2 protein chains.
Amino acid sequence: MHKYKRIAQTIRERIQEGFYPLKSALPDQMKLCKEFDASRITIKRALEILIEEGYLYSRQGSGTYVMKNAGSVNAFDSLADEYPGVTEQLAGKEVESEILKFVIRNPLAKEVEKLLVEVDDFIYDIKRVRYVNGESIVIEHTIMPVSVIPGINKEVLSHSIYGYIRNELNLSFGGITRRITAEKPDELDRKYLLCTKEDPVLQVEQVVHLKDGTPFEYSITKHRFDKGGINVVDRYHN
Amino acid sequence: MHKYKRIAQTIRERIQEGFYPLKSALPDQMKLCKEFDASRITIKRALEILIEEGYLYSRQGSGTYVMKNAGSVNAFDSLADEYPGVTEQLAGKEVESEILKFVIRNPLAKEVEKLLVEVDDFIYDIKRVRYVNGESIVIEHTIMPVSVIPGINKEVLSHSIYGYIRNELNLSFGGITRRITAEKPDELDRKYLLCTKEDPVLQVEQVVHLKDGTPFEYSITKHRFDKGGINVVDRYHN
DNA sequence: AAGTGGTCTAGACCACGCG
DNA sequence: GCGTGGTCTAGACCACTTT
């Protein structure tokens with residue numbers, strides 16, 4: 001474990017335990033240098049982590065303070081997909097997948113644009129319904145380039161695609177761009193999510209990238225309006 | 001302008017102009033030190049900015065590379081609210097506000113929890129319809145503590161609350177937590193957003209904080225499903 | 001083995017807030 | 001004016017990838 005991470009962890013715990021009370025000032029950076037036997041740059045790196053996490057803020061010329069709402073920021077609970085950190089949220093719940101469609105074909109124009117592939121490349125076209133505790137929660141329509149993620153089969157689909165990518169293919173995730181909208185249910189939604197015409201769906205259209213920026217998933221997921229929601233945390237950088 | 005920001009800007013432009021082609025390797029950090037006449041730490045800070053922005057990624061022992069999708073991440077265009085960066089997106093369009101409700105009262109239990117105020121404090125209770133180019137786009141229900149944001153009046157409401165907070169009260173924004181859901185339209189939505197019972201609304205429930213973590217806004221906004229959407233960009237930190 | 005990025009140090013000067 | 005955080009330097013060692 002690196003020094004700056006250890007220092008950040010120690011300070012984080014002190015905030016959580018109330019040793020540094022909410023809205024109080026931290027000791028100045030020189031004092032922290034002495035206490036942790038570290039250079040000022042290392043202290044500053046530790047503090048930057050906690051600032052990014054919403055525990056601290058600092059004012060030049062004044063000091064570093066504990067946020068009034070420290071630790072109140074919650075992680076995602078998008079029930080939508082398998083993006084890292086999401087499947088764990090479903091831990092303890094029984095998740096099942098029904099495969100409605102699984103073919104390999106050439107991409108449409110929109111898929112070429114989103115996945116940066118060529119028109120004569122091959123892509124997977126996958127449609128699944130996900131059930132949690134026996135209830136249908138979401139319909140996922142997933143497009144992935146075969147060249148980037150080889151070896152997908154029904155066995156993989158019924159478990160975790162993301163686990164396969166990370167553990168079997170040894171690839172690292174990079175980032176994700178989402179567009180979230182409310183939509184009227186189409187025929188498929190009404191059939192599998194048991195929607196009436198008045199029950200809206202929450203739609204998430206997203207492109208997921210590997211660490212090097214290669215897009216590997218373009219997907220559209222639809223949730224029953226009463227079985228999901230997306231939490232987002234933004235931080236404003238001054 | 002600080003040195004590391006200038007260096008980051010120069011490299012960003014080189015990527016945008018194709019001087020550093022997509023997926024190519026950048027010169028190593030020592031070469032960049034010499035070119036920009038800077039220390040390695042300063043170079044590294046510049047690179048970290050661009051990594052955070054999705055232009056670059058680096059692999060220890062190997063090098064720093066241009067992302068395959070560099071610059072393809074787009075900023076927000078949430079039509080929902082006035083959070084910094086959003087009103088500018090509406091620039092050029094005619095935005096009007098109709099005030100449906102504007103009172104001062106004591107907070108409800110949920111508002112006490114979200115805004116960290118006391119039950120005998122006072123809060124503004126504001127309901128507005130926003131029109132863009134004469135079309136109703138969104139209904140906003142906003143709760144703010146009077147003690148944190150004093151001096152709100154109809155004059156302020158018909159312009160930008162956020163501009164007032166930043167420019168008149170001289171406060172800095174810190175962060176925001178949102179929950180996004182799809183909902184059935186209620187009576188008010190149907191009346192002002194001209195929804196039928198089958199037209200869903202996209203609801204954003206959010207708490208906005210000042211730089212020091214003080215919550216200053218708890219709001220619920222509802223968009224017509226065909227007049228809005230939220231874009232979100234996440235980055236996965238390995 | 002050579003070269004790369006990641007971490008860390010000790011010390012300096014600057015910009016800002018506050019009394 | 002003093003103390004704070006913000007930026008920057010020159011140099012060192014380590015961890016990792018590549019050859």
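Model, not experiment: these values are computed from the prediction. Chain letters run A, B, ... following the sequence lines, proteins first, then strands; residues in each count from 1.
Judged by closest nucleotide on DNA chain C, B:S62 is the one of B:S62 and A:M1 placed further toward the 5' end. Comparing A:I41 and A:G63 against DNA chain D, the residue whose closest nucleotide sits nearer the 5' end is A:G63.
Within the structure, a side-chain polar atom (N or O) of B:Q29 is placed less than 4.0 Å from OP1 or OP2 of C:dG6. Proximity of B:T42 to the phosphate of D:dT9: a side-chain N or O atom is located under 4.0 Å from OP1 or OP2.
The distance between atom CG of A:L32 and atom C1' of D:dG6, rounded to the nearest whole Å, is 16 Å. Atom CE in B:M30 sits roughly 12 Å away from atom C1' in C:dT4 (whole-Å rounding). What separates CD of A:E48 from C1' of C:dT7 is a distance of 14 Å, to the nearest Å. Across the protein-nucleic acid pair, A:L26 atom CG and D:dT4 atom P stand 13 Å apart, rounded to whole Å. Nucleotide D:dT17 holds its P atom 17 Å from the CG atom of B:D28, rounded to whole Å. The distance between atom NZ of B:K44 and atom P of D:dT7, rounded to the nearest whole Å, is 15 Å. The separation between B:I43 atom CD1 and C:dT7 atom P is 17 Å, rounded to whole Å. Residue A:R59 contributes atom CZ, which lies 12 Å from atom P of D:dG6 at whole-angstrom precision.
At a threshold of 4.0 angstrom between heavy atoms, the contacts of B:R40 include nucleobase atoms, whether or not backbone atoms are also involved. At the heavy-atom level, B:K3 lies under 4.0 Å from the strands shown only through sugar-phosphate atoms. Residue contacts shown for A:L47 are absent, as no nucleic acid heavy atom lies under 4.0 Å away.
Of the candidates C:dT7, D:dC8, D:dG6, the closest approach to any side-chain atom of A:Y4 belongs to C:dT7. The side chain of B:T64 approaches C:dG5 more closely than any other nucleotide in the set D:dT18, C:dT9, C:dG5. Nearest to the side-chain atoms of B:H2 among the listed nucleotides D:dT7, C:dA10, C:dT4 stands D:dT7. Comparing C:dG6, D:dT9, C:dC8 against the side chain of B:S58 picks out C:dG6 as the nearest.
Residue B:Y65 forms a ring-ring contact (aromatic ring centres under 6.0 Å, His included) with just one option from B:Y55, B:Y20, B:Y57, and that option is B:Y57. Of the residues listed (B:K23, B:K68, B:R59), the one engaging A:D212 in a salt bridge (charged side-chain N to carboxylate O under 4.0 Å, His left out) is B:K68, and it is the only one.
Between B:D125 and B:K101 there is a salt bridge, since a side-chain N of the basic residue sits under 4.0 Å from a carboxylate O of the acidic one. Between B:R130 and B:E140, at least one side-chain N (NZ, or NE/NH1/NH2) sits under 4.0 Å from a carboxylate O, which counts as a salt bridge.
There is a side-chain donor-acceptor pair under 3.5 Å between B:Y218 and B:E205.
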